[in-house]
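Everything on this sheet refers to the single structure shown next.
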There are 2 protein chains.
Amino acid sequence: MAKHGKKSKSHSDAKSLAAAEQDAPNKSDARAHQIGVLDEALTYVLRHAAASLRGAMAEALRPLDLSTAQHACLELLGRSPGLSSSELARGAFVSRQSMNLVLRGLQDRGLVTRPEIAPQGRALPTKLTAEGREALNSANVVTRSVEKRMLAAIPDKRRARFRTDLAVCAAVLAPDD
Amino acid sequence: MAKHGKKSKSHSDAKSLAAAEQDAPNKSDARAHQIGVLDEALTYVLRHAAASLRGAMAEALRPLDLSTAQHACLELLGRSPGLSSSELARGAFVSRQSMNLVLRGLQDRGLVTRPEIAPQGRALPTKLTAEGREALNSANVVTRSVEKRMLAAIPDKRRARFRTDLAVCAAVLAPDD
DNA sequence: TTTGCCATGTCAGCAGTCTGACACCATGGC
DNA sequence: GCCATGGTGTCAGACTGCTGACATGGCAAA
């Protein structure tokens, strides 16, 4: 993506700020009395990881003309065909209005199909077309490399634990719990 | 935030999808041949955690009329007074154009100050005003509770490890490494 | 010194997302 | 049967963030 430029030798960028946190966890610096250093760093680092992931995914998907939301949508449909727009919205963590636009874009490109009339209630079950499944496979190839980069950075032993902790974080921060 | 409604008894929401992943990690389901189940789940769970964090922070900051970007900006300025707009942008993981708008908003509200003319080069060093520091303290009170929720969910022993792994993830996914 | 390069600030345009609002359908209890 | 509740789809408006582009100010190498 390279949205932030090169930052070759800048003297106070994100990395150096985070490094300062890590290098001096015990120093009684001026801000330690205000916020637990490690505590604050956790939300900061999580934001950082999320932003980096988003950027990496967007960059990887750019050649395929797919946004991250569109990919997430295809991914969900590949796993669970027939999901409605609202269900897809919850699965991709966006509002159902946004998912509606995403879905419309995918529909215009012939990657998904939705019935004109609802077979039950108002929900319109969405399914991948052959082209949609093909696009999903192509997307998986590139996103897989992003995942691999992440996985390679974490020792094998800790992966399951790491994933579990992350899931627990997501759970306790969920909008309504 | 409650942007997703209540989803009381929906039969296929985000939680159940994630649960299906977790419950049957060894089953030779149809998708296992395509993507490592755990691998995919990691990016998915990270997105989930990020979205939840963003939502929780936004909800907590709403009463103070502060966006997450504005809070991040104040936070960075509290730690490192005199940062320029571009440096703040990198620290908050947004483009410098976006940070410029954020900064202008904070400036109009009298929370930060920037000199009219650059004392060195083009960078305009930004500093918190007394009101800005006050707003930062108020914001820290509410965001602290969000952090606490997250911290409480992770066993004490694993926190440092968890944070480190997350930082490593962010590092390997960085736009240019 | 001069030239090329990098970083910064800023303007304009665009895409994506959210909130608010409304209408429709199903299911429940009364 | 009737109505209250909740889920769903959709429209309109607004906001935020990003990309592209340009001009300006240091810095280092030629």
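Chain A is the first sequence line, chain B the second, and so forth, proteins listed ahead of strands; every chain is numbered from 1. Predicted model, so just to flag it, every value in this text is computed and none were measured.
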Can you measure [X] atom [atom1] to [N] atom [atom2] for me and round it to whole angstrom units?
X       : N       : atom1 : atom2 : result
M99(B)  : dC18(D) : CE    : P     : 9 Å
I117(B) : dG26(D) : CD1   : P     : 11 Å
L124(A) : dG7(D)  : CG    : P     : 18 Å
E59(B)  : dC18(C) : CD    : C1'   : 15 Å
L88(A)  : dG7(D)  : CG    : P     : 17 Å
Q120(B) : dC27(D) : CD    : C1'   : 12 Å
M57(B)  : dT16(D) : CE    : C1'   : 17 Å

Open item on the list: Return whichever of S86(B) or G121(A) has its heavy-atom-nearest nucleotide of DNA chain C closer to the 5' end.
Closed with: S86(B)
For nucleotides 11-17 of chain C, which of its nitrogen or oxygen atoms have a protein nitrogen or oxygen under 3.5 Å away, and what is each distance?
from: dC11(C); atom 1: OP2; to: R104(B); atom 2: NH2; distance (Å): 3.4

Return the polar atom pairs (N/O with N/O) between nucleotides 22-24 of chain D and the protein under 3.5 Å, or none.
from: dA23(D); atom 1: N3; to: R122(B); atom 2: NH1; distance (Å): 3.2
from: dT24(D); atom 1: O2; to: R122(B); atom 2: NH1; distance (Å): 3.4

[N] OP1/OP2 closer than 4.0 Å to side-chain N/O of [X]:
X       : N       : result
N100(B) : dG9(C)  : no
R62(B)  : dC18(C) : no
S84(B)  : dA7(C)  : no

Task: Test applied, side chain to side chain contact (heavy atoms under 4.5 Å, CB included); reference residue, S138(B); option that passes from L74(B), L64(B), L66(B), L61(B) - done: L64(B)
Under 3.5 Å: donor-acceptor pair, side chain of [X], backbone of [Y]:
X       : Y       : result
R149(B) : V172(A) : yes
T143(B) : A139(B) : yes
Y44(B)  : G91(A)  : yes
Q70(B)  : S67(B)  : yes
E59(B)  : A56(B)  : no

Output a table of donor-acceptor pairs, distance under 3.5 Å, between side-chain atoms of residues 121-130 of chain B and any protein atom two or more places apart or on a different chain; print 'none' if there are none.
from: T126(B); atom 1: OG1; to: L83(B); atom 2: O; distance (Å): 3.3
from: T126(B); atom 1: OG1; to: L124(B); atom 2: O; distance (Å): 3.4
from: T129(B); atom 1: OG1; to: G110(B); atom 2: O; distance (Å): 2.7
from: T129(B); atom 1: OG1; to: L111(B); atom 2: O; distance (Å): 3.2
from: T129(B); atom 1: OG1; to: E131(B); atom 2: N; distance (Å): 3.4
from: T129(B); atom 1: OG1; to: E131(B); atom 2: OE1; distance (Å): 3.1
from: T129(B); atom 1: OG1; to: G132(B); atom 2: N; distance (Å): 3.0

Open item on the list: Check this for me: R161(B), atom CZ, are more than 12 non-hydrogen atoms of other residues, nucleotides or ligands nearer than 6.0 Å?
Closed with: no
TODO: Take the angle between the ring planes of H48(A) and F93(B) and call it parallel below 30°, perpendicular above 60°, tilted in between.
DONE: parallel
TODO: Please report how far the helix from dT1(C)-dA30(D) to dC30(C)-dG1(D) bends, comparing the axis fitted to its first five pairs with the axis fitted to its last five, to the nearest 10 degrees.
DONE: 30°
TODO: Using salt bridge (charged side-chain N to carboxylate O under 4.0 Å, His left out) as the criterion, list what pairs up with R158(B), not counting sequence neighbours.
DONE: D165(A)
Open item on the list: Can you pull out the residues from residues 107-115 of chain A that lie within a 4.0 Å heavy-atom distance of DNA chain C?
Closed with: none
